[in-house]
Structure formats: structure tokens, C-alpha cells
Visitor: 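My questions will all concern the structure given below.
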Amino acid sequence: MPELPEVEVTRRGIAPHVEGRRLEGARVREPRLRWPVPEDLDAILRGRRVAAVERRAKYLLLRLESSGTLLLHLGMSGSLRVVPAETPPTAHDHVDLLLEGGMVLRLRDPRRFGAVLWTPEPPERHPRLAGLGPEPLSPELTGDYLYRRSRGRRLAVKNFLMDAQVVVGVGNIYASEALYRAGIHPGREAGRVGRDRYVLLAAAVAAVLEEAIAAGGTTLRDFTSGEGAPGYFRQELAVYGREGEACPVCGRGIRKVVIGQRSSFFCPGCQR
DNA sequence: ACTGGATCCTGACTGC
DNA sequence: TGCAGTCAGGATCCAG
């Protein structure tokens with residue numbers, strides 16, 4: 001489900017309910033996520049206070065006071081909601097974090113590609129976070145950076161853009177959208193895109209992600225913020241999911257191709 | 001070192 | 001209505 005904007009919208013939705021609050025424990029109904037949920041999660045969390053809810057790439061970081069961080073990943077189908085503790089869980093509500101005051105932070109994830117990980121170390125040292133590329137909304141993402149990193153690379157520029165070692169947070173929807181805005185064909189070899197076009201691409205990535213966050217994310221099926229509101233960016237998507245529709249700029253039909261086993265949408269007139 | 005493909009899992013949708 | 005096949009917002013792992 002979520003790319004960076006949806007994770008960030010979720011973070012902003014849950015943070016006011018979670019930050020500064022003490023955890024009374026955890027209830028794990030289904031530990032078989034991408035990696036097993038820690039068996040002693042309840043004991044680890046009980047009585048500890050959440051200092052901050054942060055985000056790195058598509059991971060949410062619940063930083064506990066003193067030390068230790070809970071890493072949450074939503075995978076393809078995960079979502080987080082803050083609900084009253086007495087709310088009956090539905091089929092795929094795998095983990096509850098019990099908050100003082102009678103609410104729970106509830107993780108739902110039908111496909112179970114998500115993750116709940118614990119680390120007592122500084123989270124940037126965790127194997128899942130070490131080695132990640134820069135945040136796309138930081139000053140580190142520049143055209144020069146993308147240009148340098150792409151030299152000699154023969155994979156499609158869309159796959160290059162979705163490589164978390166290069167830059168984090170750009171998933172299948174926003175990769176198509178950013179490449180459209182930058183006028184770059186998604187299947188072009190990354191190493192054969194020039195510096196000037198990477199400058200356009202870096203700006204396009206940041207712009208599309210910021211606009212999506214401002215719109216509350218993209219709701220395709222059932223994405224909602226931590227408070228249950230859907231995102232309204234879907235109607236702003238220029239190419240994703242719009243095969244056969246007219247390009248808003250040149251009027252030619254939007255095409256769909258499979259690149260790296262993922263559907264990719266582009267305008268054959270505007271993108272080279 | 002890079003690259004593409006297979007893989008984890010369930011649900012929604014399509015076509016017959 | 002039922003059933004088989006296809007596809008889905010992620011990211012890791014593995015073989016070549």
C-alpha cells in the first residue's frame with residue numbers, strides 16, 4: 001500500500017496519540033510478518049514511554065525514552081490506526097500497542113509483508129536501515145547526486161529510482177509520476193540519462209512527494225491516515241493507473257509497460 | 001558489482 | 001453464481 005507519502009501521513013496521524021505516551025504493553029495475534037515479531041515484545045515495551053515517532057525511508061520509528069526503537073514497516077498492505085482498546089480486532093489486525101489512556105495503536109496487514117522490529121541500538125545501525133540512500137525530501141537528493149550514482153548503470157532509470165540504496169521512499173506510483181514530470185522514459189538506461197535531466201528528475205521527485213503528502217497520500221484501495229481519513233492524491237496522478245487516457249500535456253494515450261516486473265505508466269509523446 | 005527474476009501473502013477484480 | 005487466473009502501493013534473496 002504505502003510509499004513515502006502514505007507512511008509520512010500515517011506518522012503525522014498517529015504521532016499526536018503516541019508521542020509522550022507510556023506503553024502498557026503489546027498484544028501480538030499473528031507474529032508471522034515478513035520477519036517474526038519479537039516474542040517478548042510485550043515485556044520489552046511495557047511501562048516505557050514513546051519519546052518520538054519518526055520516519056526513515058518507509059519505516060516508522062517509535063523511539064522510546066532512554067534507549068531502544070521499535071521499527072514498523074507497512075509493506076504492501078499495512079496500515080496503522082489509533083482506536084479505543086475495546087474495538088474488536090478484525091481478520092488481519094496482527095499487533096496492538098497498548099497506550100496509556102485506553103487507546104491502542106493497531107497494525108493491520110492482510111498480506112503480512114510488513115514488519116515489527118526491535119533494536120536497542122541507535123536505529124540507523126540496524127541492518128534494515130544501514131546502507132539506505134538519502135531521504136528524497138532532504139537537500140542530499142540533487143541532480144548531481146543522481147547523475148553520479150547512475151554512471152555505468154545499465155538498469156532502467158525507473159528501477160534505479162526505486163532502489164533504496166540510491167534514494168529511499170520512491171515506490172511504483174511516484175516513480176512513474178516523477179519520470180513523467182521530468183520527461184524521462186521509464187525504461188531508459190539509468191547511465192544514459194544526462195545531468196540536466198537528472199536535475200529535473202530530482203526536483204520532480206521532491207515535488208510529487210510533497211504534493212502527495214499535502215493531499216493526504218494516495219488511496220488506491222484502502223489506505224487511510226492514522227485517523228482513518230483517505231488520501232486525495234489519486235486524482236492528481238497524471239499517468240499511474242491511467243493507461244489509455246489522454247496525456248494532460250500532449251493528448252497522446254498513456255501507455256503501460258512492465259519494467260522490472262512492475263507496471264509502469266508513461267506518455268510516449270512527452271517522455272524520451 | 002550489477003542485474004533480473006522468484007518469492008513471501010491475501011484480497012479484489014476480470015473473464016469465462 | 002462459481003471458479004480460475006491476474007494483479008496489487010515492498011523489498012529481500014539468489015543465481016548468473
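These values consider heavy atoms only, across backbone and side chains, with no hydrogens, waters or symmetry-generated copies. Lettering of chains follows the sequences in order, A, B, ..., and the numbering in each one begins at 1.
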Visitor: Have a look at A/Y174 and say if it touches a base, only the backbone sugar-phosphate, or nothing, with a 4.0 Å heavy-atom cut-off.
Guide: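 Nothing: the residue A/Y174, judged by heavy atoms under 4.0 Å, touches no strand.
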
Visitor: Which stems does DNA chain C form, counting runs of 3 or more consecutive Watson-Crick or G-U wobble pairs with both distances under 3.5 Å?
Guide: B:2-8 with C:10-16, B:10-16 with C:2-8

Visitor: Give me the one residue out of A/E124, A/E8, A/E135 that meets salt bridge (charged side-chain N to carboxylate O under 4.0 Å, His left out) with A/R56.
Guide: A/E135

Visitor: Among residues at least two apart in sequence or on other chains, which ones pass salt bridge (Lys or Arg N to Asp or Glu O under 4.0 Å) with A/E54?
Guide: A/R63

Visitor: Would you kindly give the CG-to-P distance between A/L33 and C/dG10, to the nearest whole Å?
Guide: 17 Å

Visitor: Kindly assign one of parallel, tilted or perpendicular to the pair A/Y174 and A/F233, based on the angle between their ring planes and the thresholds 30° and 60°.
Guide: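 Tilted, since the angle between the ring planes falls between 30° and 60°.
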
Visitor: Provide the distance between the two P atoms, one in C/dT6 and one in B/dA6, to the nearest whole Å.
Guide: 14 Å

Visitor: Hey, quick one: are A/L155 and A/L201 part of the same hydrophobic cluster, counting side-chain heavy atoms closer than 4.5 Å, chains of contacts allowed?
Guide: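 Yes, A/L155 and A/L201 fall within the same hydrophobic cluster.
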
Visitor: Looking at every strand, decide which applies to A/L220 at a 4.0 Å heavy-atom threshold: base, sugar-phosphate, or nothing.
Guide: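 Base: the residue A/L220, judged by heavy atoms under 4.0 Å, touches a nucleobase.
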
Visitor: Scan nucleotides 11-16 of chain C nucleotide by nucleotide, 5' to 3', and note B when protein non-hydrogen atoms come under 4.0 Å of the base, S if they reach only the sugar-phosphate, - if neither.
Guide: BS----

Visitor: If you look only at pairs with a residue in residues 36-84 of chain A, which of them pass as a ring-ring contact (aromatic ring centres under 6.0 Å, His included), with sequence neighbours excluded?
Guide: A/Y59-A/H73

Visitor: Any idea which heavy atoms bring A/K256 and A/S263 closest together, and the distance?
Guide: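 What the structure gives for the nearest pair is CE-OG, 3.5 Å.
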
Visitor: Write down the atom of A/L23, the atom of A/L97, and the distance for their closest heavy-atom approach.
Guide: CD2-CB, 4.4 Å

Visitor: A/D96 vs A/R29, test: salt bridge (Lys or Arg N to Asp or Glu O under 4.0 Å). Steps then yes/no.
Guide: CA-CA 8 Å; A/D96 283 353; A/R29 297 183 197 82; 2.6 Å; yes

Visitor: For C/dC7 and B/dG5, measure between their P atoms and round to the nearest Å.
Guide: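 Straight-line distance between the two P atoms is 15 Å.
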
Visitor: It should be established whether A/S263 places a side-chain nitrogen or oxygen under 4.0 Å from OP1 or OP2 of nucleotide C/dC7.
Guide: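 No, no such contact exists.
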
Visitor: Can you give me every donor-acceptor pair (side chain of residues 240-252 of chain A, partner residue at least two apart or in another chain, under 3.5 Å) with its distance?
Guide:
from	atom 1	to	atom 2	distance (Å)
A/R242	NE	A/L237	O	2.5
A/R242	NH1	A/E245	OE1	3.2
A/R242	NH2	A/R234	O	3.4
A/R242	NH2	A/L237	O	3.2

Visitor: Below 4.0 Å from chain A heavy atoms, what is the first contacting nucleotide of DNA chain B and what is the last?
Guide: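 Result: B/dC2 to B/dG11.
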
Visitor: Taking atom C1' in both B/dG11 and C/dT12, what distance in whole Å separates the two?
Guide: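 Looking at atom C1' only, B/dG11 and C/dT12 are 23 Å apart.
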
Visitor: I'd like to know if A/D42 and A/R27 make a salt bridge, using a cut-off of under 4.0 Å between side-chain N and carboxylate O.
Guide: no

Visitor: Under a 4.0 Å threshold between the charged nitrogen and the carboxylate oxygen, would A/E100 count as salt-bridged to A/R49?
Guide: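 A salt bridge is present here (some side-chain N lies under 4.0 Å from a carboxylate O).
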
Visitor: Which sits closer to the 5' end of DNA chain B, A/R112 or A/R154, going by the nucleotide each is nearest to?
Guide: A/R154

